[in-house]
Amino acid sequence: MPELPEVETLRRQLFQEIRGKRIRTLAVYDAKLGPAPNLEGRKINSIRRQGKFLEIVLDDGSVLRLHLRMTGRLFRCDVAEDTNVPAHTRFRLFLEDCEIIGVDPRRFATLTLEQPNRHGPNLPDLLKNPDPSAFQQAARKRRLAAKVFLLDQAVFPGMGNIYACEVLHSAGVDPRRPASEVTREEWETIGREMRRILNLAVRCRGTSVSDWRDLHGNAGEFQHHLRVYGREGMPCPRCGSGVERIVLGGRGTWFCATCQK
DNA sequence: CGAACGACCTGTTCGC
DNA sequence: TGCGAACAGGTCGTTC
């Protein structure tokens, strides 16, 4: 569920709430997540985002790395009211004066502690400078649908199903086109629309199309800006013809066959 | 190497 | 109202 804008929303809110604070303990309640590492006394130096990964950097250089997958959520609350935690609580990070609760009904989310100096390659940040040349280069031998290619996390870190549909609609590119046949000019448009849409979605604190909530339990606002995602049969805001739904790469894909070429 | 598909889980919605 | 099927924001491993 959470895509780049939702994860970035959490990163910014976590920065406000927990940066510089000391950890009392990390409690894990789902065996799938593995044993809870001992984090007692560690201080939180910073919060980073790599694609859809949230990284909590600790004062000994180790990194608590979290991926929310489909249904993972984080909520901040006062430790005082801890008798009734939400359903599907999978872990609780206790701090000096509050706690962060990890909730995940489907149990796809992951939580790992990485040791210092083991950072992978530095990924591009789609919020800042999408690089059309890099996109076209990566698409060279890819015959798969452009929409499926946009979900390749090595090329588009953080891109997810909702925003892939919206970016291709705004760029006027048919999601079924083979990725390798998208032109240089179209990659430039896609990069521009990607940056615009993702930044707007961050300002909206994400898309609450069903049940996404931010760190404080509030819904996002970007669902009011959706033009095609989830809007089968409704008029395309640009040309008025009906939005269609197809399946690409096993995922629902919404688009306008009239203005996406 | 690239691509298709099932698996991982559970909750919600839809059709009969 | 009840019940089963379909579907859901994401990735990974296996197979072709």
Side-chain angles (χ1 to χ4, degrees), chain A residues 1-11 28-34 49-54 65-74 86-91 102-112 120 123 126 137-169 175-182 194 197-198 200-202 204-215 218-233 245-255:
Chain A
M1 134 198 220
E3 309 180 29
L4 185 153
E6 290 76 25
V7 178
E8 177 66 15
T9 295
L10 288 176
R11 189 194 69 76
V28 172
Y29 309 105
D30 182 356
K32 262 191 86 183
L33 293 175
R49 181 184 58 76
Q50 293 278 337
K52 294 171 196 163
F53 285 92
L54 261 182
R65 201 154 190 261
L66 173 66
H67 196 301
L68 298 168
R69 302 289 175 114
M70 300 277 268
T71 50
R73 311 277 155 61
L74 295 180
H88 313 300
T89 292
R90 306 303 180 196
F91 65 87
V103 173
D104 181 24
R106 287 174 77 174
R107 303 168 68 208
F108 287 167
T110 57
L111 179 65
T112 58
L123 298 169
L126 300 183
Q137 175 67 25
R140 265 187 147 158
K141 293 180 179 173
R142 311 294 295 276
R143 298 292 302 170
L144 79 180
K147 154 70 176 1
V148 181
F149 180 63
L150 277 200
L151 296 177
D152 185 333
Q153 298 299 296
V155 185
F156 306 99
M159 191 53 55
N161 204 33
I162 294 176
Y163 301 104
C165 291
E166 293 298 314
V167 166
L168 287 177
H169 175 263
R176 300 165 292 188
R177 295 250 308 278
S180 57
E181 291 178 12
V182 175
M194 190 175 287
I197 288 171
L198 292 175
L200 176 58
V202 169
C204 289
R205 298 184 341 282
T207 303
S208 291
V209 73
S210 63
D211 51 9
W212 154 253
R213 293 294 181 278
D214 69 12
L215 191 64
N218 298 314
E221 300 292 338
F222 193 76
Q223 63 275 17
H224 305 306
H225 297 268
L226 294 176
R227 295 180 165 182
V228 288
Y229 181 85
R231 301 175 63 84
E232 182 178 12
R245 179 189 188 275
I246 57 175
V247 174
L248 291 177
R251 325 275 312 270
T253 301
W254 289 264
F255 73 110

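Chain A is the first sequence line, chain B the second, and so forth, proteins listed ahead of strands; every chain is numbered from 1.
- Of the candidates dC9(B), dC12(C), dA3(B), dC9(B) carries the atom nearest the K32(A) side chain, counting heavy atoms from C-beta on.
- The distance from atom CZ of R69(A) to atom P of dG11(B) is 19 Å, rounded to the nearest whole Å.
- Between the P atom of dG10(C) and the CE atom of M159(A) lies a distance of 10 Å, rounded to the nearest Å.
- Distances from the side chain of R142(A) to the nucleotides dA3(B), dC7(C), dG10(C) place dA3(B) closest.
- Following rounding to the nearest Å, M70(A) (CE) and dA7(B) (P) show an atom-to-atom distance of 16 Å.
- Annotation: of the two residues near DNA chain B, H88(A) and G249(A), the 5′-most nearest-nucleotide partner is G249(A).
- Side chain of R205(A) to main chain of A219(A): a donor-acceptor pair is present (N/O by atom type, distance under 3.5 Å, no hydrogens or angles).
- Note on ring orientation: taking the six-membered ring where Trp is involved, the planes of F222(A) and Y163(A) are tilted (angle from 30° to 60°).
- Distance check: L33(A) CG to F91(A) CZ gives 7.5 Å after rounding to the nearest 0.5 Å.
- If you measure from atom CG of L4(A) to atom C1' of dG10(C), you get 14 Å, rounded to the nearest angstrom.
- What separates CG of D104(A) from P of dT11(C) is a distance of 13 Å, to the nearest Å.
- Looking only at side-chain heavy atoms (C-beta outward), Q50(A) and P157(A) stay at 4.5 Å or farther from each other.
- Nucleic acid contact for R245(A): sugar-phosphate only, since backbone atoms but no base atoms lie under 4.0 Å from a heavy atom of the residue.
- Distance CZ (R251(A)) to P (dC7(C)): 13 Å, rounded to an integer number of Å.
- Across the interface with DNA chain C, nearest-nucleotide mapping of Q153(A) and R106(A) shows R106(A) to be the residue nearer the 5′ end.
- Comparing the P positions of dC9(B) and dG4(C) gives a spacing of 22 Å, expressed to the nearest Å.
- The separation between L151(A) atom CG and dA8(C) atom P is 13 Å, rounded to whole Å.
- Using N1 to N3 plus N6-O4 or O6-N4 for Watson-Crick, or N1-O2 and O6-N3 for G-U wobble, each under 3.5 Å, dC3(C) pairs with dG15(B).
- When both distances must be under 3.5 Å, the Watson-Crick or G-U wobble mate of dC1(B) does not exist.
- For R143(A) and dA4(B), the CZ to P distance is 11 Å, given to the nearest whole Å.
- The aromatic ring of F108(A) does not sit over the base of dT11(C); the criterion of centres under 5.5 Å apart with planes under 30° is not met.
- A 4.5 Å side-chain heavy-atom check between D152(A) and R142(A) finds at least one atom pair inside the cut-off.
- Here V148(A) lies out of heavy-atom contact (under 4.0 Å) with every strand.
- Distance from the side chain of P105(A) is smallest to dG11(B) among dG11(B), dA8(C), dC8(B).
- Residue L144(A) is the one, among L144(A) and D211(A), whose nearest nucleotide of DNA chain B lies closer to the 5' end (criterion: closest heavy atom).
- Nucleic acid contact for T110(A): none, since no nucleic acid atom lies under 4.0 Å from a heavy atom of the residue.
- D214(A) and T9(A) form no side-chain donor-acceptor contact under 3.5 Å, judged by distance and modelled atom types alone.
- Within the nucleic acid shown, Y229(A) comes within 4.0 Å of sugar-phosphate atoms alone, with no base atom in reach, counting heavy atoms only.
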